[in-house]
Amino acid sequence: MNAAVAERADEIKELVCRVLEIEPEKVSDTDLFTEDLGADSMKLIELLANLEIEFDVEIDEDEIERLVNLRGVYDVLSAALDA
Amino acid sequence: MRRVVITGIGVVSSIGTGAAAFARALREGRSGARPIGAFDTTGFAHATGCEVVGFEPERWVRNVPLDEVGRAARFAIASARMALDDAALTEEELRRRPGLVSIGTTDGGSDDGERLAASYVHSGPESMDPVAARRLPASTLATGVARELGLSDVDVSTIATACAAGNYAIGNGFDAVRTGEADFALCGGADAMCRMTFTGFYRLGAVDPDGCRPFDVNRRGILTGEGGAVLLLEPLESALERGARVYAEILGYGLNCDAHHQVAPDGDSVRRCMELALADAGVGPGEVDLISAHGTGTKANDVTECGAIRGAFGDRPPRTVSVKSMLGHTMGAASALGAAACALGIEHGFIPPTINHTEKDPDCGIDCVPNTAVEAELRVVQNNALAFGGNNAVVVLGKR
Amino acid sequence: MGPVITAWSAISSCGVGSAAFEAGLVRPSPLDDESPGAKAFLASDFVVREALGTKGTGSMDRSSALAVGVVGELLPAVDVDARTGVVLGTTSGSSQTQLEFTRDSLTRRKPYFVNPASMPFALMNSAAGQAAIWHKLTGPNTTIAGGRMSGLSVLRYGARLLATGRSSGVVCGAVEEYSPTRAWLEHHRGATTVLGEGAAVVFLEPAGTARPPLAEVLGVATRVAVDGGAAGALAACLCRVLERAGAEAEDVRTVAVSAQEGELADAERTALARLRASVVDPAEVIGDVGAATGPFQVVTLLRSPGLAVATALDPDGTVGCVLLRVLS
């Protein structure tokens, strides 16, 4: 995980929970958005868009496939910020 | 109940203006795709769309001051005028009868709305253009047609049921004429290119960089488009009396709502809508010769819609084409342009192709009449429309 | 017999639900945003997250929320089936949502740095579609951009759905939100009325169902004043609905008016001059609610038994009226 991402991990989790409309305390780093938390593909696109806006960074559309859980979000965001 | 027929067709599109030019373009499989010029596309990785180029509003908008109607309303007015001329009727003749004007739209005056928004953002709300603010409401699409043609005794409505709105408007006109409430209907749809729709679909990853490729395994989404189409409907009896050319009969239509998801269509509900339309038209699935699909070219739509078609028609459904491959997604105008294409196909005996096709998506499981039009005697044709909000509308046309 | 109204509900500055509207408290709110106008009649009691919860409302526009809310208020009073429809009127949908989406596209570093979830809420059919999704209403679902004619348009269209058997019953109404964007647009259009926000719906069904009717819809007539003569066109509509119902002008006991000021108000007064009915104006209680004006006129008239008329005039040139027989 990139340092900036580590520093803002809580904030990122909050964003994810806001977009996916779930309670932060109920989500672990490995809970699967689609299978465990009921997100659909529209929600994942929304998540990607909100990450881009919040961090002012461009994330390739194909990265959606890696946005499977919080850990995936941290990884994708780290890669995008390092790019 | 009276029988209702189409005796006039008016079209403004990226591939041809007027019924004859539109029919030729459909037969040739022409593409309306080109770089978008309607708004600033800086910053987008790609921006291809199906714009209407060279439209001369003053040719059609003669009575209503031009600055009182936006681009979509101008398309509606132009299409209505063409439909009237095509039906060999005059404004004076229509003024003597009770009628209906119903125009479907997704965005209404959103192109003006965006310019107003730009003023708001860059120069403050005080700087917004009052003339544009006045013509912004979408109601001006239908009332613009009535004002232009001097029609006072008409039921006017702009139907804003997003991308199924054209079929809704045609259904509304059909019912009014069928029940005797109106002696004619000018109904269809119109939309102008706008930044909001493009940006929204782009953000959803649902805009193809190059061309619209419905039912193709490599499809990548819609192209946004613009245009208008208006049908003149009248009772069969009056059409016969005056010796009018009859393109097609409207046999029936169906409406329903998925009541499920805002943007993802529900296959079962789409199938039910087709069944409602066929029942209303009094025809069985085996009698349908052609389906003009909603066929947007997005991954989600095409598979769901084709699944619904197989659900209603069985494993060997009628040939199913998407005119959006040529016209892009013209939003509220889309199903009106689709209905116009169906009527022209019935009249001239051909099936418009699905262009840009290289490799069939096996998950779609339909014959999309790839790339080249085919000659065919069409007796019953079904025109599908789906919209965000789960709004479905299916119109069934037949040869008279 | 024509279609009948068997239930209604409303959300406005008076509060949420029909009882709050009947109480009729006049409650304009001071505005602290940078809108033109110092006050507006806001539906302050309708707090989206409290009324509808947080799930699915994060990006929802206020118009859609009002529609979901008001239909939710109505439904316990009626029976729904697979063919229950929703027909809602609007001016332009949520102009605030449309402006914000465009603003984000114009001002952020990339033009596509927008919230994709907002886009469907920016479309005009969002309110009707959301009402159906939340309340599982699978019948015809139609949005009519009728502006100030919306109340008449949805009744006529709804009646047509019933007459052709496409719907078993139709939720007919309209929604208008208050927002700074709407206020500025109305300002530039020359309006000086105090704006309000609200949503009102009636349940329209064929006569003879289990529920006792509140009113019968005797007829709707509209015209486009192509020659600019709004008063004459409205008078002609009035004649038509009365004639079709076999009634005389003096039989009309109550009329609900729609225009508050300017040429349209003058035309409305002129057209109604020969009526000897008592006049009610819902805008005095809830402000100028735009597209929702018509449905609020209708629900206001439900208090007054006898023949009743609601009139409508839109700046785009259309005028018309509905004739009701309100049952006691």
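The sequence lines fix the lettering, A, B, ..., with proteins before strands; numbering per chain opens at 1. The analysis underlying the following values was restricted to heavy atoms, covering all of them including side chains, and did not include hydrogens, waters or symmetry mates.
Among residues 44-70 of chain A, the residues having any heavy atom closer than 4.5 Å to a heavy atom of chain C are, in sequence order, A:Ile45, A:Glu46, A:Ala49, A:Asn50, A:Glu52, A:Ile53, A:Asp56, A:Val57, A:Glu58.
Residues in residues 48-75 of chain C take part in these salt bridge (Lys or Arg N to Asp or Glu O under 4.0 Å) pairs, two or more places apart or across chains: C:Arg62-C:Glu197. Under the salt bridge (Lys or Arg N to Asp or Glu O under 4.0 Å) criterion, the residue pairs touching residues 14-25 of chain A are A:Glu21-A:Lys43, with sequence neighbours excluded.
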With a 3.5 Å cut-off and sequence neighbours excluded, list the donor-acceptor pairs that the side chains of residues 1-10 of chain A form with protein atoms.
residue : atom : partner : partner atom : Å
A:Asn2  : OD1  : A:Ala4  : N            : 2.6
A:Asn2  : OD1  : A:Val5  : N            : 3.1
A:Asn2  : ND2  : A:Asp82 : OD1          : 2.8
A:Arg8  : NE   : A:Glu11 : OE1          : 3.1
A:Arg8  : NE   : A:Glu11 : OE2          : 3.4
A:Arg8  : NH2  : A:Glu11 : OE2          : 2.7

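Of the atoms belonging to C:Ser118, not a single heavy atom falls under 4.5 Å from chain A.
With a 6.0 Å radius and a threshold of 12 heavy atoms from other residues, nucleotides or ligands, C:Lys136 has its NZ atom above the threshold.
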